[in-house]
There are 4 protein chains.
Amino acid sequence: MDTGTPAAADTAKQPRTERGRRTLRKLLDAAAVEFGERGFHEASISGITARAGTALGSFYTYFESKEAIFQALVRDMSEAVKVAAREALAEPAPALERERAALTAFLRFAAEHKEVYRIIDEAEFVDPESYRQHYETTGARILDRLREGARKGELRADLEEAHAWAIMGMNVFLGLRYAVWGEGDLPAEHVAAIAGDLLAKGIAADR
Amino acid sequence: MDTGTPAAADTAKQPRTERGRRTLRKLLDAAAVEFGERGFHEASISGITARAGTALGSFYTYFESKEAIFQALVRDMSEAVKVAAREALAEPAPALERERAALTAFLRFAAEHKEVYRIIDEAEFVDPESYRQHYETTGARILDRLREGARKGELRADLEEAHAWAIMGMNVFLGLRYAVWGEGDLPAEHVAAIAGDLLAKGIAADR
Amino acid sequence: MDTGTPAAADTAKQPRTERGRRTLRKLLDAAAVEFGERGFHEASISGITARAGTALGSFYTYFESKEAIFQALVRDMSEAVKVAAREALAEPAPALERERAALTAFLRFAAEHKEVYRIIDEAEFVDPESYRQHYETTGARILDRLREGARKGELRADLEEAHAWAIMGMNVFLGLRYAVWGEGDLPAEHVAAIAGDLLAKGIAADR
Amino acid sequence: MDTGTPAAADTAKQPRTERGRRTLRKLLDAAAVEFGERGFHEASISGITARAGTALGSFYTYFESKEAIFQALVRDMSEAVKVAAREALAEPAPALERERAALTAFLRFAAEHKEVYRIIDEAEFVDPESYRQHYETTGARILDRLREGARKGELRADLEEAHAWAIMGMNVFLGLRYAVWGEGDLPAEHVAAIAGDLLAKGIAADR
DNA sequence: AATGAATGAGTTTTCATTCAT
DNA sequence: GATGAATGAAAACTCATTCAT
């Protein structure tokens, strides 16, 4: 996970020296592991600093509270998820193709960073604002792509926000089931193909 | 929320007297409110007993721990969600119609019982086993319906578990967005119509 | 020190059982010693409960915070000081005689309860409201006596609040110097005689 | 408040450069404000350096500890109070007149420097030695004046230390009530006149 | 001298759970 | 069964002081 990024910068106190910058990064990395493994409430500041190899007090040089570093982390990860998707969408492709590629990328990312899933999900209870922001931004991004597809005549013209949320929910739950819980029983491509197919034709029997 | 049901009975100690039965029910109702409002970790046993109007110590006459009552509640609610869906599906109808009706019912239920959403979701962190069970059961139920539809020739023959999870994710996120967060901006029927339409035809432009 | 009195009752949570009543009293007594010996900031809750022989957590059954028990104590002691004075004034006597008796009683009380001095004084910083209340009440009581003396023609008719505060300040500083700091170098009666004499005639040379 | 004076010099490390001298003074001024506003325990070194506009670490270039700067300040202020009194007593005058003038000066000083009151008073708990020294010195000074008055036949011949402390207590409490707490309800002259009158004739009714 | 990051001991506070009545 | 007091482990957080640059 790329921490110490601008997203984290918003919530953390900014170090003025190189040494400080290193400490901040160590704390964020350690927190990702601690929160990912133990969850927000089981996680402890001392657990974080122990992993980071800093003194307990150093934590408070950069963060006001456990909530604060959690928020920094959630925003960091939200950003990381977006970046992963963006890379998968770098190449131009037909709209449905793009959705499939986005889902494939997401499933792979989720499988590799299961802690991200846990942390973002837990934000619903620990930092609802960030949670909401994450999904609203993601939903908006999907909707943009749908509209772009509609503009090009590849998708229906009547797509709206609810379609974007439906797709997002689909993706998230497939990620939960096959990337996070699944032990590789269904490969990402296969899952993405099914979802892509559903989007392409629906599930009704061919007439 | 109908508490004190058989589902809760599994985890709670069984009262022998009528008075005990009343106390147990009061505790479960109070817990639903307390957990719904404050979340698992902010909630306190004394908060529950205060709402229930019982002594703090009485809690342990019926539940072994905070986790135990939470679990009882989650299973109760999981059951209640299923019941709500089952009622909506009492009438026979074409498969796609049934999915739409199920979603409508779910959206209405979620709007009326927002705390259910919160409690079931938080189970991911507090009682993962129940959480998983809830979604696996729900997913299995959807898959059953899809297969039934396929058998009747209304749905495609190649539908599998992933389709069920895709639909479930769609439903859950539409519920989050429009029933829990939404202030009634989109009515349940409209949202369900969009989702139903997506299932029927996909989102590709008509050829 | 008589603790567990109505004064303390205002700030402490009221126990409903006899056992609770005993615990509350033990805590207040222990706090008087702890605060008296170590001062508010050096004192610790665990020091109080250790002296009281209760578990750390029991403290919070009765008090919300260190400040809360301190306040309870200050009010208790303020009350105790008044009671000591009242007893000394039980007998009717000429006005100047009464002031002297009050000071004697105060000096004796202060010598025996040096911690009271410290605790009330520290309230200036820890609980200014109680501190102010203590001195305003005490001042008002002195003023009452002065007016009573004036009514009886024993004291001048033009006495006002400032006279009461002047007398109170005199008393308090004599207490500090001779009862608290002094190692009995000047006996209470002697000090009180000097002050009484000052009040009677002033310090000017006889004409 | 005049800080950076010889009194402070005793406890602070001596700066060698002009720049150092300026920093030291800034720290003392800032500390007076910080301690005055927040009290010793609420005050923080970082609060002091922030107000002084210096780095946190620079504090320790000049003071060994929080207590050390507090002590420097108390002695500074004790000195300042004396200086204010001395100025008021520059002119020769009858003994009772001088006491009245001293009180007037003190009341004015206290009204203008309420933080002095707080800081010196808090020394009772933070730096008892300085506190005691302050009042013993002040008491001794008053006693000197009383003896001088007695020598000149203006005051009684039997005045002793206790009289000085009685007068000091009177003054301090009148200062607390009318200069520090009072919103100018009674002007300094009026209060001083009452106290002067008390000293002159006592409070007994004229025979 | 100045800077600001690092340190860690020490304390308050919470609250699930147990227990005596 | 019900009551409510007692328990104590566990953690977050503060901040004076030290140290590296």
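Just so it is clear, the values below take in all heavy atoms, side chains as well, and ignore hydrogens, waters and symmetry mates. Naming convention: chains lettered A, B, ... in sequence-line order (proteins, then strands); numbering from 1 in each chain. Here the structure is a predicted model, which means the values were calculated and not measured.
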**OP:** Mind checking D/G20 for me? I need base, sugar-phosphate or nothing, with any heavy atom below 4.0 Å counting as a touch.
**Re:** nothing

**OP:** Would you kindly give the CZ-to-P distance between D/F59 and F/dC15, to the nearest whole Å?
**Re:** 15 Å

Subject >> Nucleotide nearest C/S58 when distance is taken to its side chain, options F/dT7, E/dA5, E/dT13 >> reply: F/dT7

**OP:** Please tell me which of the listed nucleotides, E/dG4, E/dT17, F/dG4, lies nearest to the side chain of B/E67?
**Re:** E/dT17

Subject >> Length of the CZ-C1' vector between D/F63 and E/dA1, whole Å >> reply: 15 Å

Original post:
C/A72 and C/F63: which non-hydrogen atoms are nearest, and at how many Å?
Top reply: CB-CE2, 4.0 Å

Original post:
Which base, if any, makes a Watson-Crick or G-U wobble pair with E/dA1, both distances under 3.5 Å?
Top reply: none

**OP:** Can you tell me the pairing partner of F/dA10 across any strand shown, Watson-Crick or G-U wobble, with both distances under 3.5 angstrom?
**Re:** E/dT13

Original post:
Between F/dG8, E/dT3, F/dT14, which one does the side chain of D/T54 approach most closely?
Top reply: E/dT3

Original post:
Which value, rounded to the nearest 0.5 Å, describes the distance between B/S130 atom OG and B/I119 atom CD1?
Top reply: 12.5 Å

Subject >> First encountered from the 5' end of DNA chain F, between A/L56 and C/A55 >> reply: C/A55

Original post:
Closest nucleotide of DNA chain E for C/K66 versus for B/E42: which of these residues is on the 5' side?
Top reply: C/K66

Original post:
Which part of the nucleic acid, if any, lies within reach of A/S44 when heavy atoms closer than 4.0 Å are counted: base, sugar-phosphate only, or nothing?
Top reply: sugar-phosphate

Original post:
Which nucleotide in the set F/dA2, E/dA1, E/dT13 lies at the smallest distance from any side-chain heavy atom of D/T61?
Top reply: E/dA1

**OP:** Report the residue (C/R38 or B/R38) whose heavy-atom-nearest nucleotide on DNA chain E is the more 5′ of the two.
**Re:** C/R38

Original post:
Is A/I45 touching bases, backbone alone, or none of the nucleic acid, heavy atoms closer than 4.0 Å?
Top reply: sugar-phosphate

**OP:** Would you give the length of the straight line joining atom CG of B/L24 to atom CG of B/D29, rounded to the nearest 0.5 angstrom?
**Re:** 9.5 Å

Subject >> Watson-Crick or G-U wobble partner of E/dT21, both distances under 3.5 Å >> reply: F/dA2

Subject >> Between C1' of E/dA6 and CZ of A/R22, the distance in whole Å >> reply: 13 Å

Subject >> Residue pair D/H134 / D/S78: nearest heavy atoms and the distance that separates them >> reply: ND1-OG, 2.7 Å

Subject >> Separation of F/dA16 P from D/F40 CZ (nearest whole Å) >> reply: 8 Å

Original post:
Where the side chain of A/R16 is concerned, which of E/dT17, E/dG4, F/dT17 is the nearest nucleotide?
Top reply: E/dG4

Subject >> Whole angstrom value for the distance that separates P of F/dA11 from OH of A/Y60 >> reply: 12 Å

Subject >> Value in whole Å for how far the P atom of E/dT12 lies from CZ of C/F70 >> reply: 14 Å

Original post:
Rounded to the Å, how far apart are A/R21 CZ and E/dA6 P?
Top reply: 11 Å

**OP:** Report yes if at least one side-chain N or O of D/Y62 is closer than 4.0 Å to OP1 or OP2 of E/dA1; otherwise report no.
**Re:** no

Original post:
Distance check: side-chain N/O of C/R19 vs OP1/OP2 of F/dA5, anything under 4.0 Å?
Top reply: no

**OP:** Before accepting this row, confirm whether a basic side-chain N of the pair C/E115/C/R118 lies closer than 4.0 Å to the acidic partner's carboxylate O.
**Re:** no

Subject >> Residues, nucleotides or ligands: over 12 heavy atoms within 6.0 Å of B/E42 CD >> reply: no

Original post:
If you check every side-chain atom of D/T23, which of E/dA2, E/dA16, F/dA2 has the closest atom?
Top reply: E/dA2

Original post:
When we call it a touch if two heavy atoms are under 4.0 Å apart, what does C/T17 touch: a base, just sugar-phosphate, or nothing?
Top reply: sugar-phosphate

Original post:
Between E/dC15 atom P and B/I48 atom CD1, what is the distance in whole Å?
Top reply: 12 Å

